[in-house]
Amino acid sequence: MNETELLLAALAAVALLLVWVLVRLHGIERDVPRRAVEYLEDAVEQQLGAQHREILRDLHEGLARQTDRIGEHARADRDLLQRGLTAASMQLSRGMQALTQSVDGRLDTLSGQVNQRLDEGFRKTNETFASVMARLATIDEAQKKIDGLTTNVVSLQELLGDKRARGAFGEVQLEALVRNMLPPDAFSFQQVLPNGTRVDCLLSLPEPTGCIAVDAKFPLENYHRMFDAAGPVERDAAQRAFRIDLRRHVDAIAGKYILPGTTSDGAVMFLPAEAVFAEVHAYHPEIIAHAQLRRVWIVSPTTLMAVLNTARAVLKDVETRKQIHVIQDALGKLAKDFQRFDERMAALARHIEQASRDVQDVQTSSRKISAHFHKIESARLDELEPEPGEAVSPRT
């Protein structure tokens, strides 16, 4: 065979070999993935098993070590807690002992204060009880006085129920008011007038007022009937009778106590009760108008005090006018004394001014003398200034 045939035979053999290889490779290609997967699964399973066993071993070892550390920490914490509890127990015991001592001391002090305050409270209670007993005794005395006053009020009511006694009561009240307000020479009681009537009080006031008669008697029977009436009919009847009594009494005072040339042109009707005065002025204005027409002035104890106060001011003014020349003489003497005082004050001012100038001159001389002494002490005799009119001696 020649080389070409050999080459072709070789190529053919190679081609066959390639075909066989390709066939084998195709078969292997079909089996390799399955085998590779099986191999990989086995390898992964073995590796995972090994890793799992290793992880479990590491986990068991870590848990063992962690358990040991936790036990050690627990023993250390238990020891620390035990020591802390022991120290806290000792400190608490000392604190409880100190607190017990403090509480005992405070309780002793508080007990002393409580005992002291209880004693003081008992003492004050006894004093209050004694004071209450004394006040109860005073209240008993006041009750007795009230009972006596009630008896006196009943007696006073009985007294005022009688016409003569009521008149005497009004006269006594009038006399007390007049004596408290006016000087003794300005009034007289139970004075007999030229017409033969006797006035309860006669006020002696300067001209042109003159003498003013004051009557203290007043009928109160119908006034009491107005308030004791059982019905409006009886009350109206008593009110009409009271009005008639008022008018008659006003006319009687005007007829008996207003005397031309002897008394003033008016008289005073004194009502001894403020309630009667208020009743007359509030519900009987026609009586007030009639009294003013007859020159009769209706007064109560309060308004009579105002009238008497005015009368006292008039008397004081009259007395002042009587003494006006004495006041003028005294003022003239005072003016002369003040003029002499003014002259003497001016002379004193001049003397003080002259003394002030003299003091200034003396101070000037004193300063000069002091300056001379200072120069002499400083051995500066040549600096001495000669006095006016004194010759200057030559220096040696």
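Reckoned from all heavy atoms, side chains included, excluding hydrogens, waters and symmetry mates.
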S.K.: Once ring-ring contact (aromatic ring centres under 6.0 Å, His included) is applied, do any residues pair with H284, and if so which ones, sequence neighbours excluded?
M.R.: F242
S.K.: Taking only residues two or more places apart in sequence, or in another chain, which ones meet F277 in a ring-ring contact (aromatic ring centres under 6.0 Å, His included)?
M.R.: H281
S.K.: Indicate yes or no for a side-chain donor-acceptor contact from T209 to the backbone of L205 under 3.5 Å, with no hydrogens or angles considered.
M.R.: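 Pair absent, no side-chain N/O of T209 close to backbone of L205.
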S.K.: For the side chain of D317 and the backbone of A313, is there at least one donor-acceptor N/O pair under 3.5 Å apart?
M.R.: no
S.K.: Got a sec: does the CZ of R344 have more than 12 other heavy atoms crowding it under 6.0 Å?
M.R.: no
S.K.: Please report the closest heavy-atom contact between D215 and H249, naming both atoms and the distance.
M.R.: OD2-NE2, 3.0 Å
S.K.: Test your reading of the model: is there a side-chain donor-acceptor pair from T197 to the backbone of L193, 3.5 Å cut-off?
M.R.: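 Between the backbone of L193 and the side chain of T197 there is no qualifying donor-acceptor contact (under 3.5 Å).
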S.K.: Looking only at heavy atoms, which two atoms of I253 and A267 are closest? And how far apart?
M.R.: CG2-CB, 3.7 Å
S.K.: Run the numbers on E234 and M226 for side-chain contact (heavy atoms from CB on, under 4.5 Å), then give the verdict.
M.R.: CA-CA 7 Å; E234 295 180 0; M226 285 192 305; over 6 Å; no
S.K.: Between V214 and L174, is any pair of side-chain heavy atoms under 4.5 Å apart?
M.R.: yes
S.K.: Kindly compute the distance separating CG (D228) from CZ (R235), expressed to the nearest 0.5 Å.
M.R.: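 Rounded to the nearest 0.5 Å, the CG-CZ separation comes to 10.0 Å.
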S.K.: Grab the two heavy atoms, one from V280 and one from I288, that are nearest each other, plus how far apart they are.
M.R.: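 Between these two residues, the closest heavy atoms are CG1-CD1, 3.5 Å.
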S.K.: Is any side-chain heavy atom of Q190 closer than 4.5 Å to one of E171?
M.R.: yes
S.K.: Indicate, with yes or no, if M345 and I352 share a hydrophobic cluster defined by side-chain heavy-atom contacts under 4.5 Å among Ile, Leu, Val, Met, Phe, Trp and Tyr.
M.R.: yes
S.K.: Please round to the nearest 0.5 Å and tell me the distance separating atom CZ of F187 and atom CD1 of I212.
M.R.: 14.5 Å
S.K.: Could you tell me whether the side chain of R225 reaches within less than 4.5 Å of the side chain of N222, counting heavy atoms only?
M.R.: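 In contact.
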S.K.: Quick one: does E274's side chain have a donor or acceptor within less than 3.5 Å of a partner on T302's backbone?
M.R.: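 The answer is yes, because a donor-acceptor pair under 3.5 Å joins these two groups.
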S.K.: With distance as the sole test, does T303 use its side chain to make a donor-acceptor pair with the main-chain N or O of V299 at under 3.5 Å?
M.R.: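 Here the side-chain-to-backbone pair does not exist.
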S.K.: Determine, for E175 against R179, whether the closest basic-nitrogen to carboxylate-oxygen distance falls under 4.0 angstrom.
M.R.: yes
S.K.: Testing the basics here: between W297 and G266, what is the closest heavy-atom pair and its distance to 0.1 Å?
M.R.: NE1-CA, 4.2 Å
S.K.: Determine whether a donor-acceptor pair (N or O, by modelled atom type, separation under 3.5 Å) exists between the side chain of N195 and the backbone of K256.
M.R.: yes
S.K.: Are the side chains of V268 and V296 in contact, using a 4.5 Å heavy-atom criterion?
M.R.: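 No, side chains not in contact.
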S.K.: Sequence neighbours excluded, which residues qualify as side chain to side chain contact (heavy atoms under 4.5 Å, CB included) partners of D251?
M.R.: R247, H290, R294
S.K.: Hey, is the main chain of C211 close enough, under 3.5 Å, to the side chain of S204 for a donor-acceptor pair?
M.R.: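 Such a contact is absent between S204 side chain and C211 backbone.
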S.K.: Does a side-chain heavy-atom distance below 4.5 Å link P301 with F270?
M.R.: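 Yes; the side chains approach each other to less than 4.5 Å.
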S.K.: Can you find a heavy atom in the side chain of S365 that is under 4.5 Å from one in the side chain of K368?
M.R.: no
S.K.: Does D200 reach the main-chain N or O of A216 with its side chain, forming a donor-acceptor pair under 3.5 Å?
M.R.: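 Indeed, once roles are kept as given, a pair shorter than 3.5 Å links the two residues.
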S.K.: Taking atom CE of M305 as the centre, does the number of heavy atoms from other residues, nucleotides or ligands within less than 6.0 Å exceed 12?
M.R.: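 Counting neighbours around CE of M305, 12 or fewer heavy atoms of other residues, nucleotides or ligands fall under 6.0 Å, so no.
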S.K.: Taking atom NE2 of H351 and atom OG of S356, what is their separation to the nearest 0.5 Å?
M.R.: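 Taking NE2 in H351 and OG in S356, the distance rounds to 14.5 Å.
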S.K.: Mind checking the CZ-CG spacing from R350 to L348? Nearest 0.5 Å is all I need.
M.R.: 9.5 Å
S.K.: What's the spacing between L334 CG and Q339 CD if we round to 0.5 Å?
M.R.: 12.0 Å
S.K.: Quick check: do L203 and V178 have side-chain heavy atoms less than 4.5 Å from each other?
M.R.: yes
S.K.: Check whether the side chains of R357 and Q360 place a donor and an acceptor atom closer than 3.5 Å, and report yes or no.
M.R.: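 R357 vs Q360: no donor-acceptor pair found between side chains.
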S.K.: Of the non-hydrogen atoms in L182 and R312, which two are nearest, and what is the gap between them?
M.R.: CD2-N, 3.8 Å
S.K.: Between CG of L304 and CD of Q173, what distance do you get to the nearest 0.5 Å?
M.R.: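 Reported value, rounded in 0.5 Å steps: 9.0 Å.
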